[in-house]
Asker: 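This is the structure, below, for whatever I ask next.
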Amino acid sequence: MNTRTRTASSAAKGLLAGAMLLTGLLAGTPAAHADHQSCSNRTDVPGVCLKVVNEGLRVTYAEAYHDGRTGAWTGHIDLHREGRHTIQRGDHTPPQAAIWSGVDDYTAGSRICAQGWEKVGSGWRPKGRTCFEVR
């Protein structure tokens, strides 16, 4: 294959790739599917993690759970979803996950958070917090 043939072949491949990309954009390709996962990392109050499955502003799954790094503490974990009710499990050792599954549409900037609460005597101590901002 000579240089002129290789150049023409490369140009044709580039045009084909560009056309395929444009076709996908014009067809209304959905937003990328994303999984968010984070854990509270402050050394003074670790304890919880958060997983959110979303596609743009649509959330299909959220879970607030014990991070496993902090040992088995007694308490509960709240799943706060801005504009919706908080999901909370009863107290356990270790705390059980608070899970939501379905389809919820949020406005940009809404927050979903995991907040742990450790039982201490007759009161509660914060045990980690991590959040996700829907975009």
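Note that these values count all heavy atoms, side chains included, but never hydrogens, waters or copies made by symmetry.
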Asker: Please lay out, stage by stage, how D91 and W117 fare under the test side-chain contact (heavy atoms from CB on, under 4.5 Å).
Answerer: CA-CA 9 Å; D91 292 333; W117 295 99; over 6 Å; no
Asker: Please enumerate all residues that pass side chain to side chain contact (heavy atoms under 4.5 Å, CB included) together with R89, with sequence neighbours excluded.
Answerer: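 Q96, A98.
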Asker: Can you measure from NE2 (H85) to CH2 (W100) and round to the nearest 0.5 angstrom?
Answerer: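 One finds 9.5 Å between NE2 of H85 and CH2 of W100.
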Asker: State whether a side-chain donor-acceptor pair under 3.5 Å links S38 with T130.
Answerer: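 Side chains of S38 and T130: pair found under 3.5 Å.
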Asker: Please report the closest heavy-atom contact between S40 and G47, naming both atoms and the distance.
Answerer: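 Minimum heavy-atom contact is OG-N, 3.2 Å.
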Asker: Rounded to the nearest 0.5 Å, what separation is found between the CG atom of D67 and the NZ atom of K127?
Answerer: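 Separation between the atoms: 8.5 Å.
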Asker: If you compare all heavy atoms of C49 against all heavy atoms of A114, which two are closest, and at what distance to 0.1 Å?
Answerer: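 Here C49 and A114 meet closest at O-CB, 3.7 Å.
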Asker: Test: disulfide (SG to SG under 2.5 Å). Region: residues 93-135. Which pairs qualify, not counting sequence neighbours?
Answerer: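 Sorted pair list: C113-C131.
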Asker: For a 4.5 angstrom cut-off between non-hydrogen side-chain atoms, does Y106 reach N54?
Answerer: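 No. Closest side-chain heavy atoms not under 4.5 Å.
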Asker: Are the side chains of V48 and Y65 in touch, meaning some heavy atoms are under 4.5 Å apart?
Answerer: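 No, every pair of side-chain atoms sits at 4.5 Å or beyond.
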Asker: In chain order, what residues pass the salt bridge (Lys or Arg N to Asp or Glu O under 4.0 Å) check against E133, with sequence neighbours excluded?
Answerer: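 E133 satisfies salt bridge (Lys or Arg N to Asp or Glu O under 4.0 Å) with R135 once adjacent residues are dropped.
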Asker: Taking only Lys NZ, Arg NE, NH1 and NH2, and the carboxylate oxygens of Asp or Glu, determine whether D105 and R58 approach each other closer than 4.0 Å.
Answerer: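 Answer for the salt bridge query: yes.
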Asker: Are D78 and Q88 close enough, and set up right, to give a side-chain hydrogen bond (donor to acceptor under 3.5 Å, both in side chains), and what steps lead you there?
Answerer: CA-CA 5 Å; D78 297 340; Q88 183 182 74; 2.6 Å; yes
Asker: Considering residues at least two apart in sequence or located in another chain, which fulfil the side chain to side chain donor-acceptor pair (under 3.5 Å) criterion with H80?
Answerer: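 Here the qualifying residues are T86.
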Asker: Once rounded to the nearest 0.5 Å, what's the spacing between atom OG1 of T60 and atom CG of D104?
Answerer: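 Between atom OG1 of T60 and atom CG of D104 there are 10.0 Å.
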Asker: For A108, what residues pass the side chain to side chain contact (heavy atoms under 4.5 Å, CB included) criterion, not counting sequence neighbours?
Answerer: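 In terms of side chain to side chain contact (heavy atoms under 4.5 Å, CB included), with neighbours along the sequence ignored, A108 is linked to L57.
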Asker: Could you give me the CA-CA distance, side-chain angles and deciding distance for R125 and E118, then say whether salt bridge (charged side-chain N to carboxylate O under 4.0 Å, His left out) is met?
Answerer: CA-CA 5 Å; R125 171 177 38 201; E118 182 179 23; 3.0 Å; yes
Asker: Under a 4.0 Å threshold between the charged nitrogen and the carboxylate oxygen, would E63 count as salt-bridged to K51?
Answerer: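 Here K51 does not pair with E63 in a salt bridge, since their nearest N and O are not under 4.0 Å apart.
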Asker: Report yes if some heavy atom in the side chain of I112 is under 4.5 Å from a heavy atom in the side chain of V59; otherwise report no.
Answerer: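 Yes. Closest side-chain heavy atoms under 4.5 Å.
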Asker: Mind checking side chain to side chain donor-acceptor pair (under 3.5 Å) for W73 and listing every partner two or more places apart, or none if nothing turns up?
Answerer: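 Side chain to side chain donor-acceptor pair (under 3.5 Å) list for W73, sorted by chain: H66, T70.
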Asker: I need the K119 NZ to H76 NE2 distance, nearest 0.5 Å.
Answerer: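 It is 9.5 Å, given to the nearest 0.5 Å.
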Asker: Answer with yes or no whether the hydrophobic clustering places V134 together with L50; edges join I, L, V, M, F, W, Y residues whose side-chain heavy atoms lie under 4.5 Å apart.
Answerer: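 Same hydrophobic cluster.
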